[in-house]
Amino acid sequence: MLDQKLIRENPTFVEENLSLRGKVFDITSLHKLTLKKKEIDIEISNLQSESKKLSKIIGQEIRNSNNSNSRDLNALKEKGNNYRIKISKFEEKKRTLDEKLQDEISRLPNFPSNDAPYGEDESKNKEIKVWGDPLRKDNLKTHWELGENLNLFDFTKTTKISKSRFITLTGNGARLERALINFMLDVHSNNGYLELIPPALINSESLKGSGQLPKFSNESFKCDKDDLWLSPTAEVPLTAFHKDEIIDPKLLPLKYVAYSPCFRREAGSYGRDTKGLIRLHQFNKVELYWFSDPKKSLEAHKEITNDAESILKKLDLPYRLVDICTGDLGFSSSRTFDLEVWLPSSKCYREISSCSNCLDFQARRSSIRTKIDKKTSYIHTLNGSGLAIGRTMAAILENGQQTDGSVKIPEALVPYFGSTFIKTA
RNA sequence: GGAGAGGUGGCUGAGUGGUUGAAAGCGGCUCCCUGCUAAGGAGUUACAGGAGGUAACUUUUGUCGAGGGUUCGAAUCCCUCCCUCUCCGCCA
């Protein structure tokens with residue numbers, strides 16, 4: 001969430017910064033609301049001040065005299081009553097105003113960083129570096145062909161259980177999934193991250209706190225009866241983990257690694273990636289998350305990206321690092337580095353991790369602060385997948401495929417998986 | 001699901017209608033003193049928003065789970081909701 005004071009005092013600045021996202025933002029009406037709110041606040045505050053003084057006088061009068069029902073006293077009480085009526089009228093106005101204001105303001109995305117490449121859409125994303133040798137051959141199999149041949153998963157049977165875009169992992173597939181989760185958790189927790197497994201069902205407040213609500217209610221599954229949602233990413237429960245806290249600066253940065261299943265409705269992507277492990281309603285992910293000193297988040301952003309990258313290196317998967325342009329940034333992010341893994345069957349790089357610096361955007365929504373030099377300030381939050389498990393599996397299958405149809409397991413994963421190849425039984 | 005208890009500052013925990021934004025303790029910070037098992041003393045220490053000042057700061061309003069209500073005045077009384085805990089039941 002953006003700072004309300006900034007919107008009130010410098011709406012042009014806010015509009016200009018938001019418009020870096022490649023479309024026009026008009027906050028005229030919101031700006032008016034903030035001014036109106038301030039007006040009402042001052043009015044209420046003045047009335048309350050006077051009413052409070054009067055109450056003190058009445059209190060003293062009652063203690064000093066023994067007649068609690070004198071004419072003077074009743075006149076004073078009458079006066080106080082008038083204050084109360086006036087105040088409650090203003091408060092009602094304030095309530096409706098506040099609701100509107102809060103809703104509008106929480107629909108505004110974060111400011112893009114000035115360091116992010118400028119552009120309206122993903123075509124302006126900037127490739128920063130490329131790692132590894134991308135496998136380029138003809139007649140390569142897709143990961144779903146490989147997976148089905150090797151009996152790693154079963155999409156057909158899964159539609160009986162739920163519907164399309166879900167998967168049942170079987171045998172070595174299930175084993176590979178588990179190996180990847182354990183491998184990633186081990187790497188990160190040995191690297192200073194505290195391991196967490198958050199709940200998969202989370203409340204609306206949590207989703208507001210990280211930026212998924214109110215604007216993107218259509219993208220998550222909801223359990224209506226309980227006001228609970230299926231978590232779309234561990235970023236949400238991780239942000240909420242420290243909601244309403246003032247964190248001791250000595251503890252910063254707090255670094256968490258969380259394994260969680262993720263659930264996404266994928267509304268609006270009906271035609272895309274209908275096959276395979278790339279786009280499912282449910283997938284597993286190991287997420288990295290930092291609560292950082294606000295002055296150190298730029299450095300933190302490099303580190304978290306680096307930590308996510310280390311998994312790809314260890315798994316020997318070719319990838320590239322992309323600097324996401326202003327128009328392609330996620331709602332809460334000010335700057336994002338995507339890691340994209342090479343998928344030889346489609347001859348392209350696909351996102352496997354998105355590492356974002358949200359600055360104080362989520363911290364303000366969730367009220368997470370620290371105290372530096374006697375001043376409380378919002379901390380900065382950063383998140384990055386480290387990595388998405390399903391897409392990693394797809395990459396391992398496609399990049400590790402052998403001419404005989406078997407798949408070579410990356411060396412680092414062998415101790416976790418238990419063998420060096422996946423072969424047909 | 002049934003019965004009960006409770007939600008107060010960074011934490012523990014007093015407080016049942018009138019200088020209570022809140023005793024006390026712990027913790028934190030600052031200063032002082034002392035030097036045989038590192039202890040003692042003094043002070044200070046919530047958050048958010050206004051107004052005023054370049055600023056240190058001053059002043060004002062709100063906040064005792066959330067939201068309503070009663071009252072001149074609410075942490076304290078009433079209503080609704082949320083959450084936590086204990087016991088019983090059920091269950092991985």
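Below, chain A is the first sequence line, B the second, and so on; all start at residue 1.
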Is there a donor in the side chain of A:E145 and an acceptor in the side chain of A:T142, or the other way round, less than 3.5 Å apart? yes
Nearest-Å distance once atom C1' is located in both B:rG53 and B:rU58: 9 Å
Can you tell me, in whole Å, how much space there is between the C1' of B:rC82 and that of B:rG41? 47 Å
Give me the distance, rounded to whole Å, that separates B:rG9 from B:rU45 when you measure between the C1' atoms they each carry. 11 Å
Taking a pair to mean Watson-Crick or G-U wobble geometry with both distances below 3.5 Å, B:rU34 pairs with none
Taking any strand in view, what nucleotide pairs with B:rA74 in a Watson-Crick or G-U wobble way, both distances under 3.5 Å? none
Near-ring test A:F361/A:H380, centroid separation under 6.0 angstrom: no
With both distances under 3.5 angstrom, what nucleotide forms a Watson-Crick or G-U wobble pair with B:rU54? none
Heavy atoms from other residues, nucleotides or ligands near CD of A:E266 exceed 12 (cutoff 6.0 Å): yes
Considering every strand shown, what is the Watson-Crick or G-U wobble mate of B:rA5 when both distances are under 3.5 Å? B:rU84
In terms of side-chain heavy atoms of A:Q48, which of B:rG62, B:rG50, B:rG49 is nearest? B:rG62
Whichever of A:K52 and A:I246 has its nearest RNA chain B nucleotide further upstream toward 5': A:I246
Those residues at least two apart in sequence (or on a different chain) that pass ring pair (Phe, Tyr, Trp, His ring centres under 6.0 Å) with A:Y416 are A:F183
Gap in Å between the two C1' atoms, one belonging to B:rA74 and one to B:rG68, rounded: 14 Å
Review item, side-chain donor-acceptor pairs of residues 392-401 of chain A, under 3.5 Å, at least two apart:
{"from": "A:T392", "atom 1": "OG1", "to": "A:A388", "atom 2": "O", "distance (Å)": "2.5"}
{"from": "A:E398", "atom 1": "OE1", "to": "A:S345", "atom 2": "N", "distance (Å)": "3.0"}
{"from": "A:E398", "atom 1": "OE1", "to": "A:S345", "atom 2": "OG", "distance (Å)": "3.0"}
{"from": "A:E398", "atom 1": "OE2", "to": "A:H143", "atom 2": "N", "distance (Å)": "2.8"}
{"from": "A:E398", "atom 1": "OE2", "to": "A:H143", "atom 2": "ND1", "distance (Å)": "3.0"}
{"from": "A:E398", "atom 1": "OE2", "to": "A:S345", "atom 2": "OG", "distance (Å)": "2.9"}
{"from": "A:N399", "atom 1": "ND2", "to": "A:W342", "atom 2": "O", "distance (Å)": "2.9"}
{"from": "A:N399", "atom 1": "ND2", "to": "A:A395", "atom 2": "O", "distance (Å)": "2.8"}
{"from": "A:Q401", "atom 1": "OE1", "to": "A:K141", "atom 2": "N", "distance (Å)": "2.9"}
{"from": "A:Q401", "atom 1": "NE2", "to": "A:K141", "atom 2": "O", "distance (Å)": "3.0"}
{"from": "A:Q401", "atom 1": "NE2", "to": "A:E398", "atom 2": "O", "distance (Å)": "2.9"}

In whole angstrom, give the distance that lies between atom CG of A:D41 and atom P of B:rA48. 16 Å
Who does B:rA23 pair with, Watson-Crick or G-U, both distances under 3.5 Å? none
Using purine N1 to pyrimidine N3 plus N6-O4 or O6-N4 for Watson-Crick, or N1-O2 and O6-N3 for G-U wobble, both under 3.5 Å, which nucleotide pairs with B:rA48? B:rU61
Can you tell me how far apart CD1 (A:I44) and CD (A:E39) are? Round to the nearest 0.5 Å. 11.5 Å
5′-ward residue of the pair A:K5/A:E50 relative to RNA chain B: A:K5
When the C1' atoms of B:rU54 and B:rU60 are considered, how many whole Å apart are they? 22 Å
With the sugar-phosphate defined as primed atoms, P, OP1 and OP2, and the base as all remaining atoms, what B/S/- string results for nucleotides 67-72 of chain B, 5' to 3', for protein heavy atoms under 4.0 Å? -S-SBB
Should we count NZ of A:K222 as having more than 12 external heavy atoms under 6.0 Å? yes
Mind checking the C1' distance from B:rA56 to B:rG40? Whole angstroms is fine. 32 Å
Nearest-Å distance once atom C1' is located in both B:rG65 and B:rA75: 12 Å
Does B:rC29 have a Watson-Crick or wobble partner in any strand here, with both distances under 3.5 angstrom, and which is it? B:rG43
Distance below 4.0 Å between A:K53 side-chain N/O and B:rU19 OP1 or OP2: no
What distance, rounded to whole Å, do you find between the two P atoms, one in B:rU80 and one in B:rU12? 29 Å
